[in-house]
Amino acid sequence: MQDAGGLKGKLAGRNRRPAMRLDMLRSAMSAFLIQSLNGLASAASLFLVAAGLTLIFGVTRIVNFAHGSFYMLGVYIAWTVAEGVSGAGGFWAGLAAAALVAALVGVTVETLILRRIYQAPELLQLTATFALVLILKDVALAVWGPEDRLGPRAPGVLGGAVEFGGRAFPVWDLCLIAIGVAMLGLLTWLTRRTRFGLLVRAATEDREMAAALGVNERWLFTGVFALGSALAGLAGALQMPREPASLALDLALIADVFVVVVIGGLGSIPGAFVAAVLVSLVKAWCIALGQVSVGALSLDLTKLTLVAEFLVMAAVLLVRPNGLFGRPLRHVPVDREALYEPRPAPSARVLTGLAVALAAVTVLPVVLDDYSAVLATDMAVAALFATSLAFIIGPGGMGSFGHAAYFGLGAYGAALAAQAGWSFGAALAAGLALAALAAVLFGALSVRLSGTYMAMLTLAFAQIVWSVVFQWDAVTGGSNGLTGVWPPEALSDRNRFYLFALALCAAGVLLLAWLNLTPFGHALRAVRDARVKAEAIGLPATRFTWAAFTVGGTLAGLAGAVYAFSKGSISPDVLAIPRSVDALVMVLLGGLNTLFGPVFGAVLFTWLADGLARTTEYWRASLGIVILAVVLSAPRGIMGTWGAWRARRARRAAREGDMPGGGR
């Protein structure tokens, strides 16, 4: 009997195992379904913002960095109205108000600022929109304060939940999915079946021809900017039940939006929809799958959520350089002299001024206190960092939105080597080598593209590096970074370390200045200005641009290595997007085409950021106003505009001297 009972128990256990496995499979499938629906709900808002940005870029050719700020304003406006008006009416009024206010702000920005720089190079336009990000962030800080603002739930049935496989899912998220599909249909109808859409497509295909046929560009640009801004504000308002209003929403979102627009193809609304769905589902599936084991290899896919979209973008651009649905861009004529113009060899007066400037900064330690010495060191590091980027943008004619990757790798390479017991010189060399290796690898892939697509690929590589550093706790310290990275005893004094940093950074800047004047620099500019002709006479264009990219990235790594020892610690922030944008602003503030304009821009930017941060709570807005004023009044940068004014005065004096009675 006992044997029979034991046999029955074994049979029952065997019968339960398939049932248990089936229950586990059902649970896993329901969890996967819920995560997929979450991804689709996120894709809806992401698509609305990306659709607005791709419309604006397709018509105006402006890469609007401030588009994320309109999304942030939409969340805040919707929250304000919903809090002020009770009941369901406040919620729906908040959605309408968010779209309307964002559209009005967009029209104001386009009319007063962007209309003046449509013919400017893309980098200047990007800098102007970044200044708007700083201004709008501090406007939000002044109006709503620094605290997060949690909005109400969706009203009525929309605030409830439905069950899928025994798991609850918000009804509002299902509504978002439906809204996303409906907006795709509406925007497709608008662009394909209306006169406004016809004009938008005409301007997207060939802006010059559209203008020649009598299209009123001003009204068209303003209308498109209003529509794109309204979509961003509406997208923010729709997210109100899902996430609180926060000052960090603008920069947190804009990188993902850029990725979606580039993957889909610049100017393509269906492409933006497909890319938004693709990116959101990939991130959702990484969360759903979690820990995956293949043999002895175990991989935590949840860690890929920080970088999944950039991995997808890099893969797409390497296979389809114009995105999934994009076409080669037809760029409108721009004022190229604002960035590129013949660069003569420095005159004796310039060399004398340079010698005097170096002598002056060398004796600064005599009059500096410790804080000023630290600030002066930061200026020296920023000068090399900005000049290394200027070498890539100026003579190289390339775009880079991820230059902080090489700065950060140089810092981490030096810090890790120092913690491993390497000497100070060896640690600096390790940082330099790591940055050079990354520049060689990333540059080999990036120089295959051009323009905005190349810039976005460099951004993807930078974000991939940032994600690895941020999550590799065992090596990089993760989000906490590395501490205890100090120079040797001989350089422990702030003033002595300043002199060392000045010497090293000045050597790097002078090396780049010398390369500009060598045959390599002349050949590089020939490739930049007339690539087909340069290749026709035998210049290996890709090899030259790759070499320039590598040189710029390597010297950015040197700046990062010096920075690590100057601070004593580093964190993943040294690789983040804002640091890349800072370098770009420094370059354009001083003047890209001037010999030492980026140095002046770096010193000015560092001094302004430090001084304003210590004197006012709204230092970002103050800095943004300064940047905007420089871009609008001096598109060649401060040094470039001054040099152009001196050149015009010299030419006028020469003409007057050649006139009868003019002194000849």
Side-chain angles (χ1 to χ4, degrees), residues 42-58 60 62-76 98 102 105-106 109 114 122-123 125-140 225 228-239 243 245-264 266 272 275-276 279-280 283 305-310 312-313 323 399-404 452-453 455-460 462-463 466-467 573 575-585 620 624 627:
S42 298
S45 292
L46 189 57
F47 163 66
L48 289 181
V49 186
L53 183 61
T54 203
L55 278 172
I56 291 172
F57 179 85
T60 68
I62 283 186
V63 181
N64 183 19
F65 209 92
H67 205 65
S69 299
F70 300 143
Y71 173 90
M72 177 189 70
L73 287 178
V75 184
Y76 274 115
V105 173
V109 166
L114 299 182
E122 290 176 355
L123 292 176
Q125 297 169 348
L126 181 72
T127 304
T129 58
F130 176 70
L132 291 172
V133 171
L134 299 177
I135 295 170
L136 291 175
K137 186 184 287 287
D138 270 1
V139 169
F225 216 92
S229 302
L231 288 173
L234 177 61
L238 290 172
Q239 286 293 101
E243 64 178 337
S246 166
L247 294 174
L249 286 176
D250 50 358
L251 292 180
L253 177 80
I254 193 61
D256 287 349
V257 175
F258 277 149
V259 167
V260 167
V261 170
V262 170
I263 291 175
L266 292 167
V279 166
S280 299
K283 296 177 78 169
T305 55
L306 291 177
V307 73
E309 63 268 42
F310 296 98
V312 173
M313 181 174 71
S400 177
F401 291 168
H403 204 58
T452 303
Y453 288 110
M456 293 305 297
L457 185 58
T458 62
L459 174 64
Q463 284 301 103
W466 172 85
S467 176
D573 288 344
L575 298 131
I577 294 175
R579 191 169 295 271
S580 294
V581 177
D582 287 349
L584 182 61
V585 172
R620 295 181 194 86
I627 295 172

Handout entry: Expected output: side-chain Thr129 to main-chain Phe65 donor-acceptor under 3.5 Å
Key = yes
Problem - Heavy-atom donor-acceptor pair, Lys137 side chain to Leu247 backbone, under 3.5 Å - result: yes
Handout entry: Trace of the side-chain contact (heavy atoms from CB on, under 4.5 Å) decision for Ile577 with Leu251
Key = CA-CA 9 Å; Ile577 294 175; Leu251 292 180; over 6 Å; no
Problem - Distance (rounded to the nearest 0.5 Å) between Ser229 OG and Tyr71 OH - result: 15.5 Å
Exercise for the section: Would you confirm whether Ser467, through its side chain, and Gln463, through its main-chain N or O, come within 3.5 Å as a donor-acceptor pair? Expected result: no
Completion exercise
Note: Ala43 and Ala276 closest approach over all heavy atoms is CB-O, 3.5 Å
Fill in the blank from the handout: Contacts of Asp256 meeting side-chain hydrogen bond (donor to acceptor under 3.5 Å, both in side chains) (sequence neighbours excluded), chain-then-number -> none
Exercise for the section: Can you see which heavy atom on Ser580 is nearest to which on Ala404, and at what distance? Expected result: OG-N, 2.9 Å
Problem - Side-chain (Ser45) to main-chain (Ser42) donor-acceptor, under 3.5 angstrom - result: no
Exercise for the section: Kindly compute the distance separating CZ (Phe258) from CG (Leu459), expressed to the nearest 0.5 Å. Expected result: 8.5 Å
Problem - Test item: His67 side-chain N/O and Val49 main-chain N/O as donor-acceptor pair under 3.5 Å - result: yes
Handout entry: Check: Arg620 main-chain N/O paired with Asp138 side-chain donor or acceptor under 3.5 Å
Key = yes
Practice task
Return yes if some donor-acceptor pair links the side-chain N/O of Thr54 with the main-chain N/O of Val261 below 3.5 Å, else return no.
Solution key: no
Practice task
Just do the side-chain contact (heavy atoms from CB on, under 4.5 Å) check on Ser69 and Leu132 with the steps written out, would you?
Solution key: CA-CA 8 Å; Ser69 299; Leu132 291 172; over 6 Å; no
Exercise for the section: Determine the minimum heavy-atom distance between Met72 and Ala140, stating which atoms define it. Expected result: CE-CB, 3.9 Å
Fill in the blank from the handout: Closest non-hydrogen contact found for Thr458 with Gly402 is OG1-N, 3.6 Å
Handout entry: Val585 backbone acceptor or donor facing Thr127 side chain under 3.5 Å
Key = no
Practice task
Identify the two heavy atoms, one from Ala232 and one from Phe70, that lie closest to each other, and give their separation to 0.1 Å.
Solution key: CB-CB, 3.9 Å
Handout entry: 4.5 Å side-chain heavy-atom contact, Phe57 and Val63
Key = yes
Practice task
Determine whether Leu136 and Asp250 make a side-chain contact, defined as any pair of heavy atoms from C-beta on separated by less than 4.5 Å.
Solution key: no
Fill in the blank from the handout: Interatomic distance, CG@Leu231 vs CG@Leu53, rounded to 0.5 Å, equals 11.0 Å
Exercise for the section: Any chance you could lay out the side-chain contact (heavy atoms from CB on, under 4.5 Å) test for Phe310 and Val259, step after step, and finish with the verdict? Expected result: CA-CA 7 Å; Phe310 296 98; Val259 167; 3.5 Å; yes
Handout entry: 4.5 Å side-chain heavy-atom contact, Asn64 and Phe225
Key = yes
Practice task
Using a 4.5 Å cut-off on heavy atoms from C-beta on, say whether the side chain of Leu126 contacts that of Phe401.
Solution key: yes
Practice task
Please examine the side chains of Tyr453 and Leu266, heavy atoms only from C-beta on, and report whether any two atoms are closer than 4.5 Å.
Solution key: yes
Practice task
Decide yes or no for Leu249 and Gln239: does some side-chain heavy atom of the first lie under 4.5 Å from some side-chain heavy atom of the second?
Solution key: no
Practice task
Quick one: closest heavy-atom pair of Ala50 and Val260, and the distance?
Solution key: CB-CG1, 3.6 Å
